[in-house]
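Some notes on the structure that comes next.
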Amino acid sequence: MEKPVVDSTQTDELWTSVLSEIELQVSKPNFITWFKNSKLIENRDGVALIALPNNFAKEWVESKYHKLILGSLRSVNGSTKNIEYVVEGSLSQKVISRRRRNIVQSEPDEKQLAFQEMRVDPETNLNPKYSLDSFIVGGFNELAYTAAMAIVEDVGHKYNPLFIYGGVGLGKTHLIQGIGNEVRRLSNNEVGVKYVTSEKFTNDVIWAIRNRRVEDIKKNYRNVDVLIIDDIQFLGGKEMTQQEFFHTFNALHENNKQIIISSDRPPSSIATLEERLRSRFEGGMVADISFPEYESRLAIAKSKLQDRGIMLEDKILEIVAKKVQNNIREIEGILNKLVFHQITYKRPLDLITAEQIISEVTNKSITRATPNQIIKTVGNFFEISPNELVGRSRSKEYVKPRQIAMYLLRELLNMSYPDIASKVGKRDHTTAIYACKKVSREVSSDNDLSQKIIMIKDDVNKIG
Ligand code: ADP
Ligand code: MG
């Protein structure tokens with residue numbers, strides 16, 4: 001016979017006391033991130049059912065805090081033996097019950113066929129698809145996310161400006177637009193938010209100067225509570241625009257208006273950025289997004305599918321997460337292909353077909369560039385000529401790029417060490433071995449270097 005269900009006020013009370021136990025044992029940001037929106041749904045037959053707001057939170061809490069929660073639950077209520085974790089919300093609940101029944105769907109709906117392209121809000125320029133709810137947090141972006149949450153809770157006062165940097169496709173736009181959307185939602189659209197790319201800002205400035213309407217810039221950009229500028233690195237070298245931005249920045253900052261900036265590199269690495277802007281950027285919070293670890297890549301893949309209410313075998317997702325390492329957009333691209341295949345053939349995708357599709361996509365990114373093109377690309381990146389790059393100078397500004405070039409020749413073309421050495425004008429192949437080992441060691445600990453290498457690889461991929 002089933003025991004009576006505990007009524008919800010009782011579970012709420014129980015959970016409140018469990019949370020206050022937990023709060024003492026984890027850091028404040030972690031508590032807010034992982035427990036604030038958790039709920040105890042029921043506690044019966046020795047099993048506590050805990051709901052988390054999204055799949056990632058569920059998996060994170062389950063893997064990192066299970067022991068702590070169980071211990072705290074038991075100390076408050078001796079009868080709890082085990083915990084089940086679920087995702088809150090109807091769609092997710094549906095996915096869970098589907099999973100329980102082990103049924104793979106055959107009738108696709110529109111949502112499954114494409115990630116919804118929602119309409120951009122004309123007032124704020126924000127795309128509602130970028131929400132903080134759907135933003136997966138892991139070690140690689142935890143700092144940036146925590147700063148984002150702090151801003152949502154205290155707009156304009158906490159970290160101002162917030163400067164977020166990281167490589168292509170790692171979630172900068174998603175996160176900064178997510179802040180904007182959340183601030184709007186919490187304030188019932190009362191707080192004025194404006195999102196622009198730095199290119200749009202530049203165009204507005206140029207237009208205003210040309211048409212003698214500089215006042216318009218003031219009107220449009222200084223009247224907001226939150227200004228979000230994406231990809232600020234493109235302001236490099238644009239003096240007039242930088243000047244205008246500096247004034248806009250100051251006007252907003254003085255009035256405690258929030259400024260949020262993204263860039264593909266830290267302020268110190270944006271060439272030809274005015275010193276006064278650089279020091280402004282560094283005066284707030286600078287947070288990086290690095291490359292997601294395997295677990296985060298897997299969590300992202302899972303959550304993207306869950307958003308669409310579709311299932312793929314876990315094994316398939318594991319392969320995707322293993323193969324695509326430094327670009328979340330690419331993870332989405334592969335998932336699109338896999339889902340499309342499954343929906344078209346109206347049956348669960350098998351492992352072999354999935355592997356074929358995945359390697360087709362990932363092999364495409366194998367470079368067709370020649371050694372000389374790679375050397376030239378590295379030279380361009382560091383603003384030195386190919387001759388200087390393969391020359392004899394031991395000066396620091398050449399040595400590092402030269403080592404990076406050797407590393408990339410090895411990594412992208414799998415060239416032999418003697419070939420690499422002769423390509424860069426060295427006689428001794430141990431120089432090449434040394435350079436490749438050194439760079440590959442540094443890449444794993446030096447975030448700035450690994451960002452640079454990703455950017456160079458991106459440039460190389462654009463060849464051919
Ligand atoms: P960036 O601006 O850094 O180039 P984007 O913000 O455009 O990258 O992200 C690329 C894609 O990956 C977007 O579709 C975004 O929704 C997704 N994405 C990036 N990071 C995350 C994350 N942490 N959780 C969920 N989706 C993410
Ligand atoms: Mg972006």
Side-chain angles (χ1 to χ4, degrees), residues 33-34 52-60 87 92 111 114-118 120 125-149 162-182 195-201 228-235 260-266 270 286-308 317 320-321 324-337 339 447 450-451 454-455 457-459 461-462:
T33 308
W34 305 118
L52 283 314
N54 55 52
N55 197 38
F56 184 69
K58 169 182 165 281
E59 294 194 359
W60 187 279
V87 178
S92 339
K111 200 169 172 197
F115 287 114
Q116 279 174 315
E117 277 307 318
M118 290 187 249
V120 169
N125 275 330
L126 291 169
N127 187 329
K129 81 173 175 183
Y130 294 122
S131 72
L132 290 184
D133 267 356
S134 63
F135 190 78
I136 301 294
V137 188
F140 74 110
N141 60 9
E142 203 175 8
L143 180 66
Y145 177 77
T146 310
M149 290 307 279
L162 171 63
F163 188 104
I164 289 178
Y165 73 91
V168 185
L170 294 178
K172 301 181 297 295
T173 298
H174 187 143
L175 183 60
I176 61 180
Q177 289 215 24
I179 300 173
N181 280 317
E182 187 67 4
Y195 165 87
V196 279
T197 60
S198 72
E199 279 151 320
K200 165 93 169 76
F201 184 79
I228 306 174
I229 302 241
D230 207 351
D231 287 321
I232 197 96
Q233 73 273 7
F234 293 124
L235 284 198
I260 302 169
I261 297 166
S262 89
S263 165
D264 67 354
R265 61 201 87 177
I270 306 177
V286 178
D288 72 317
I289 298 185
S290 59
F291 300 113
E293 332 72 69
Y294 172 76
E295 286 76 16
S296 294
R297 302 199 296 269
L298 189 59
I300 288 171
K302 284 186 176 166
S303 102
K304 295 287 168 192
L305 284 185
Q306 191 179 32
D307 287 347
R308 296 160 76 174
L317 295 184
V320 174
V324 188
Q325 298 180 348
N326 38 30
N327 190 329
I328 295 169
R329 196 173 293 129
E330 221 171 289
I331 295 182
E332 289 180 342
I334 292 190
L335 289 178
N336 276 338
K337 289 222 161 66
V339 165
N447 197 39
S450 71
Q451 300 279 354
I454 291 297
M455 286 188 264
K457 280 190 190 164
D458 252 25
D459 291 344
N461 280 333
K462 287 181 199 137

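One-based numbering, in listed order, for ligands and for the atoms of each. No hydrogens, no waters, no symmetry mates; every other heavy atom, side chains included, goes into these values. What you see is a predicted model; the values in this text were computed from it and never measured.
- Near G167, meaning under 4.0 Å from any of its heavy atoms, are these atoms of ligand 1: 3 (O).
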**Verdict with reasoning, I228 to I260, per side chain to side chain contact (heavy atoms under 4.5 Å, CB included)** = CA-CA 5 Å; I228 306 174; I260 302 169; 4.2 Å; yes
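- Closest of all the heavy-atom pairs between G138 and W60 is CA-CZ3, 3.7 Å.
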**Full working for side chain to side chain donor-acceptor pair (under 3.5 Å) between E293 and S296** = CA-CA 5 Å; E293 332 72 69; S296 294; 2.9 Å; yes
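- Going from atom CZ of F135 over to atom CD1 of I300 covers 7.5 Å, rounded to the nearest 0.5 Å.
- Checked by distance only, ligand 1 and V168 stay at 3.5 Å or farther apart across all their nitrogen or oxygen atoms.
- Within ligand 1, counting atoms from 1 as listed, the ones closer than 4.0 Å to a heavy atom of K304 are 16 (O), 17 (C), 25 (C), 26 (N), 27 (C).
- Considering backbone and side-chain N/O of F140, none are found under 3.5 Å from N/O of ligand 1.
- Within the 3.5 Å criterion, the main-chain N or O of I136 finds a donor-acceptor partner in the side chain of N141.
- Within the structure, the closest approach of S262 to ligand 1 does not fall below 4.0 Å when heavy atoms are considered.
- Of all the atoms in ligand 1, the ones that sit under 4.0 Å from a non-hydrogen atom of S134 are 24 (N), 25 (C).
- Not one N or O on the side chain of R265 forms a donor-acceptor pair closer than 3.5 Å with the backbone of Q233.
- S262 lies apart from the Mg ion (ligand 2) in this respect, since none of its N, O or S atoms is found at a distance under 2.8 Å.
- Listed by number with element, the atoms of ligand 1 under 4.0 Å from a non-hydrogen atom of N141 are 23 (N).
- Every atom of ligand 1 is numbered from 1 in the order shown, and the set under 4.0 Å from a heavy atom of G171 is 1 (P), 3 (O), 5 (P), 6 (O), 8 (O), 9 (O), 19 (C), 20 (N).
- Protein heavy atom in closest approach to atom 23 (N) of ligand 1: I136 O, 2.8 Å.
- Nearest protein heavy-atom neighbour of atom 16 (O) of ligand 1: H174 ND1, 2.7 Å.
- The one candidate from N125, D230, N127, N181 that meets the side chain to side chain donor-acceptor pair (under 3.5 Å) condition with Y195 is D230.
- Applying side chain to side chain contact (heavy atoms under 4.5 Å, CB included) to I164 and the options I289, I232, V286 leaves one that passes, I289.
- The nearest protein atom to atom 4 (O) of ligand 1, hydrogens excluded, is given as G169 N, 2.7 Å; this is a heavy-atom distance.
- Proximity of E332 to ligand 1, defined as any heavy-atom pair under 4.0 Å, is confined to the side chain (atoms from C-beta onward).
- Of the listed options K172, K129, R329, R329 places a heavy atom closest to atom 7 (O) of ligand 1.
- Within the 4.5 Å cutoff, the side chain of L235 has no heavy atoms near those of the I229 side chain.
- When only non-hydrogen protein atoms are considered, atom 12 (O) of ligand 1 lies nearest to I328 CG2, 3.2 Å.
- Annotation: side chain of D264 is not in contact with side chain of V168 (no heavy-atom distance under 4.5 Å).
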